[in-house]
There are 2 protein chains.
Amino acid sequence: MLSKSCVYALRAIVYVGHNGSENHKIGIKEIGEELDLPVHFLSKILQLLVKHNILQSTKGPHGGFYINEASGKIKLIRIIEIIDGLSFFHKCGLGMHECSDSHPCPLHDDFIVFREGLNKIFSTKAINDLVKKVEDGNAFVRNLNTKN
Amino acid sequence: MLSKSCVYALRAIVYVGHNGSENHKIGIKEIGEELDLPVHFLSKILQLLVKHNILQSTKGPHGGFYINEASGKIKLIRIIEIIDGLSFFHKCGLGMHECSDSHPCPLHDDFIVFREGLNKIFSTKAINDLVKKVEDGNAFVRNLNTKN
DNA sequence: ATATAAAAAGACCTAAATATCTTTTAATAT
DNA sequence: ATATTAAAAGATATTTAGGTCTTTTTATAT
Ligand code: FES
Ligand code: FES
């Protein structure tokens with residue numbers, strides 16, 4: 001559904017939101033290790049988010065990633081848009097060229113309920129909402145039973 | 001979500017169910033043309049379904065594909081299982097190693113609604129249900145505005 | 001029996017996603 | 001100014017999904 005790039009990005013940004021701040025930036029190495037993600041690959045993805053100002057970074061000693069006030073309020077759908085694009089939310093679940101009410105595939109009515117439902121969730125929830133859940137101990141971004 | 005192989009299979013089998021019968025088999029070429037699908041690729045996929053007896057075929061003159069009584073009653077989930085596997089319906093939407101209620105990701109509660117909902121649809125609907133919709137003119141498997 | 005038609009099977013190719021490795025740039029502390 | 005640190009950037013490799021082409025097998029009609 002979402003590409004690996006995309007879910008890596010989401011978890012990474014939540015991790016940064018949870019563990020970092022403007023004066024405690026998080027290095028890519030730490031993120032990769034804590035989330036069991038391939039560091040260099042993740043690095044590329046985060047670069048993209050920085051370029052779009054979804055995420056902030058600085059180089060050099062004590063450099064790393066962090067998110068500012070505004071970034072925390074960004075909706076998940078924006079990140080998905082940047083990384084995967086929004087085509088999933090428009091295209092036919094059975095792979096027809098067009099998804100439309102007037103020329104529906106046999107799964108259309110059922111499928112769009114979920115497609116729209118997901119769209120709504122991603123369009124409503126912001127980074128901070130996920131961070132909050134993690135802070136409250138109601139959710140996690142790190143894998144269970146990773147070797148440490 | 002579903003791979004192309006999988007949606008190609010679903011549309012093809014519905015097309016065959018709709019347009020064919022044991023004494024009017026449908027050639028792979030026709031299916032490919034009518035559904036705008038790559039013929040040889042589709043051929044591989046249908047072979048797999050035939051091997052699993054989800055679809056019937058015969059070679060030679062007047063040969064082709066058709067579905068028998070039993071096949072029409074097969075649930076979509078079975079086809080998905082054969083082609084893509086069922087991992088989608090168990091794995092975490094944010095790509096964590098495990099999806100569980102006790103160690104949920106921040107999207108878990110919202111995501112599983114979607115995942116389970118889709119699972120239910122695929123587990124409930126049979127090939128014939130889709131064929132029926134097409135026969136009633138309430139759904140289509142062919143693309144709109146294809147050149148013919 | 002033979003020719004023919006159509007699926008099955010096999011070998012191969014291409015493009016995209018994912019991942020790794022190396023070099024460059026920029027920020028900070030000394 | 002210099003050394004050091006860490007992200008950015010670039011180049012390359014690997015894997016997987018998707019797609020094409022060729023040969024073989026099998027059913028049917030003549
Ligand atoms: S036409 Fe297939 S999901 Fe809308
Ligand atoms: S843990 Fe992520 S969807 Fe269940």
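As the structure is a computational prediction, the values presented were derived from the model and not from experiment. Lettering of chains follows the sequences in order, A, B, ..., and the numbering in each one begins at 1. The basis for the numbers below is simple: all heavy atoms, side chains too, and nothing from hydrogens, waters or symmetry mates.
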Kindly check if the number of other-residue, nucleotide or ligand heavy atoms within 6.0 Å of NZ (A:Lys132) is above 12?
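Incorrect, the count does not exceed 12.
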Is the closest side-chain heavy-atom distance between A:His108 and A:Cys92 below 4.5 Å?
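Of all side-chain heavy-atom pairs linking A:Cys92 with A:His108, none is under 4.5 Å.
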Of A:His40 and A:Pro61, whose closest DNA chain D nucleotide lies nearer the 5' terminus?
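By nearest-heavy-atom nucleotide position, the 5'-most residue is A:Pro61.
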Taking only side-chain N and O atoms of [X], does any of them lie within less than 4.0 angstrom of OP1 or OP2 on [N]?
X: A:Ser57; N: D:dA6; answer: no
X: B:Thr58; N: D:dT28; answer: no
X: A:Gln47; N: D:dA7; answer: no
X: A:Tyr8; N: C:dT18; answer: no

Calculate the interatomic distance between [X] atom [atom1] and [N] atom [atom2]; express it in whole Å.
X: B:Glu33; N: C:dA6; atom1: CD; atom2: P; value: 12 Å
X: B:Leu46; N: C:dA9; atom1: CG; atom2: C1'; value: 14 Å
X: A:Lys51; N: D:dA8; atom1: NZ; atom2: P; value: 9 Å
X: B:Leu42; N: C:dA7; atom1: CG; atom2: P; value: 10 Å
X: A:Phe41; N: D:dA7; atom1: CZ; atom2: C1'; value: 17 Å
X: A:Lys59; N: C:dT23; atom1: NZ; atom2: P; value: 17 Å
X: B:Leu55; N: C:dA7; atom1: CG; atom2: C1'; value: 11 Å
X: A:His62; N: C:dT30; atom1: NE2; atom2: C1'; value: 13 Å

Counting only distance, no hydrogens or angles, is the base of C:dT18 paired donor-acceptor with the side chain of A:Lys4 under 3.5 Å?
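Between C:dT18 and A:Lys4, which were checked side chain against base, a qualifying N/O pair under 3.5 Å is absent.
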For the side chain of B:Lys44 and the base of D:dG18, is some donor closer than 3.5 Å to an acceptor across the two?
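Flag unset: no donor-acceptor pair detected.
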Hey, is the main chain of B:Ala126 close enough, under 3.5 Å, to the side chain of B:Arg78 for a donor-acceptor pair?
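Looks like no, no N/O pair under 3.5 Å.
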If the plane angle is over 60° it's perpendicular, under 30° parallel, otherwise tilted; pick one for B:His103 and A:Phe140.
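Ring orientation, 0 to 90° scale: parallel.
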Can you tell me how the ring of A:Tyr8 sits relative to the ring of A:Phe41, calling it parallel under 30°, perpendicular over 60° and tilted otherwise?
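A:Tyr8 and A:Phe41: perpendicular rings.
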Tell me which of A:Gly60 and A:Ser5 sits closer to the 5' end of DNA chain C, going by the nucleotide each one is nearest to.
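Result: A:Ser5.
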Earlier contact from the 5' end, DNA chain C, for B:Ile28 and A:Cys6
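Taking each residue's closest nucleotide, the earlier one in sequence belongs to B:Ile28.
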Could you check whether [X] gets within reach of a base, just the sugar-phosphate, or nothing at all, counting any heavy atom under 4.0 Å?
X: A:Ile26; value: sugar-phosphate
X: B:Ser43; value: nothing
X: B:Val50; value: sugar-phosphate

